[in-house]
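Hydrogens, waters and symmetry mates are skipped; everything else that's a heavy atom, side chains included, is used. Chain naming here is simple, since letters A, B, ... match the order of the sequence lines and numbering starts at 1 in each.
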Protein chains: 2
Amino acid sequence: MQLPEAKQKFIETWGKLGSEWGINRTMAQVHALLLVTPDALTTEEVMEELSISRGNANMTLRDLMSWGLIEKQHKPGERKEYFYADKDIWNIARQVAKERRKRELEPVLKVLDELVQVKGDKNDPAFKTFHKSVTDINKMSKNVDRTLDTMLKADESWFWGSIFKIFK
Amino acid sequence: MQLPEAKQKFIETWGKLGSEWGINRTMAQVHALLLVTPDALTTEEVMEELSISRGNANMTLRDLMSWGLIEKQHKPGERKEYFYADKDIWNIARQVAKERRKRELEPVLKVLDELVQVKGDKNDPAFKTFHKSVTDINKMSKNVDRTLDTMLKADESWFWGSIFKIFK
DNA sequence: TTAAACTTTCAAAACTTTTTGAAAGTTTAT
DNA sequence: ATAAACTTTCAAAAAGTTTTGAAAGTTTAA
């Protein structure tokens, strides 16, 4: 397989994975493109490479910036904006975990905390089942939350080192 | 808040979380409903509770079975099929991890393994960047894969106990 | 065998999300 | 101030996903 075909395949695969995990396909593809491109690209170049419209490219690039996955670069003497991706996979994973935690896990935890408080008849099986499930999910979510928190603060070698100690 | 409202809220929240993570909203809602319901429900009852059509209920229940999250139950002397959810949150998490690993992570690993093999000019920055990103992602994915594998075999108390040892 | 009870299917409709592209907005250089 | 170069917006269109419900299929009991 040659480089251009391989690049294409990578962009496609990453896009598919993204869409299966609730990330818009185009966003994942633009990210993939920037990941395998050594230098920063303009909106125009992204549009060209992926055959997408100006509006779509612009929105997607802004989204990627709001996720902290890419950054703008200004070249001296040029008006155009160039975009490049952080290539450190560990940073990417952290960044994604951080955003999803904030956007999705936190609101769920808030609701669960409320639902755990709901009072009811301890002899009613409907109440007992509700209470147990909600409490269990709440506990697990809090564990996940705490684990993510630590992971976000951690550095890579330490993290995988520790994981390997358990999972040897 | 009273039980029926709380139940409603739980079903809604779980559905929203599901859809953000690439799981169809209705599927997550049906699962939520069965999680907080002490006894097994018929298709009819699920349709009723969530105001969904017969076709939708049937497909969703089958999907949930294929994910290993719910099971059919037959009551003696009855023709109807009853469905109930495994209420053990740890099992649920394991089951979901197992399925997603099989359905999504494995195919990606296969492609990455191919892409890592792609040969090119070591002085070409385009090739160098491609190769490095693909290799890094491949390594991280393999780590995730191995970690999941261990987690799938593990039992809950052992798992969180070990996690806490690291993340204390 | 028949028919009632129940489950499954799937094409069409409804709904949701994403994309487009032209127009409006902004910035910079002269 | 003007105009060229560039970025952003957003309503409408396209694409993708989910849901419906009626019809077909299956199972069971008598």
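- Look at CG on Leu50(B): it is 16 Å from P on dT18(D), rounded to the nearest Å.
- A straight line from NE2 of His74(A) to P of dA5(D) spans 18 Å, rounded to a whole angstrom.
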Nucleic acid footprint by protein, nucleotides 19-30 of chain C - heavy-atom cut-off 4.0 Å, B for base, S for sugar-phosphate alone: SBB-----BS--
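- Counting non-hydrogen atoms under 4.0 angstrom, Glu81(B) reaches the backbone sugars and phosphates but no base.
- At whole-Å resolution of the value, CG in Leu61(B) and P in dT9(C) are 13 Å apart.
- Considering Leu109(B), Leu112(B), Val108(B), Val116(B) in turn, Leu112(B) is the only one that fulfils the side chain to side chain contact (heavy atoms under 4.5 Å, CB included) rule with Ile137(B).
- At a threshold of 4.5 Å between side-chain heavy atoms, the hydrophobic network of Ile, Leu, Val, Met, Phe, Trp and Tyr places Leu152(A) and Met140(B) in two separate groups.
- The nearest whole Å value for the distance from the CD atom in Gln73(B) to the P atom in dT7(C) is 14 Å.
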Side chain to side chain contact (heavy atoms under 4.5 Å, CB included) between Leu148(A) and Met151(A), intermediate numbers included: CA-CA 5 Å; Leu148(A) 282 176; Met151(A) 171 185 150; 4.3 Å; yes
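- The 12-atom threshold is not exceeded at NZ of Lys110(B), counting heavy atoms of other residues, nucleotides or ligands nearer than 6.0 Å.
- Contacts of Lys9(A) classified as side chain to side chain donor-acceptor pair (under 3.5 Å), with partners at least two apart in sequence or in another chain: Glu114(B).
- Transitive grouping of hydrophobic side chains (ILVMFWY, heavy atoms separated by less than 4.5 Å) brings Trp21(B) and Val96(A) into a common cluster.
- The distance from atom CG of Asp63(A) to atom P of dT17(C) is 14 Å, rounded to the nearest whole Å.
- Remark: dA3(C) base-pairs with dT28(D). Criterion, Watson-Crick or G-U wobble with two distances under 3.5 Å.
- For Arg54(B), the salt bridge (Lys or Arg N to Asp or Glu O under 4.0 Å) test picks out Glu44(B), with sequence neighbours left out.
- Pairing for dT19(D) goes to dA12(C), judged as Watson-Crick or G-U wobble with the two contacts each under 3.5 Å.
- The distance between atom CD of Glu78(B) and atom P of dT27(D), rounded to the nearest whole Å, is 19 Å.
- Distance, Gln29(B) CD to dT18(D) C1': 12 Å, rounded to whole Å.
- Between the CG atom of Leu41(A) and the P atom of dC6(D) there is a distance of 15 Å, rounded to whole Å.
- For dT7(C), the OP1/OP2 oxygens have no side-chain nitrogen or oxygen of Asn58(B) closer than 4.0 Å.
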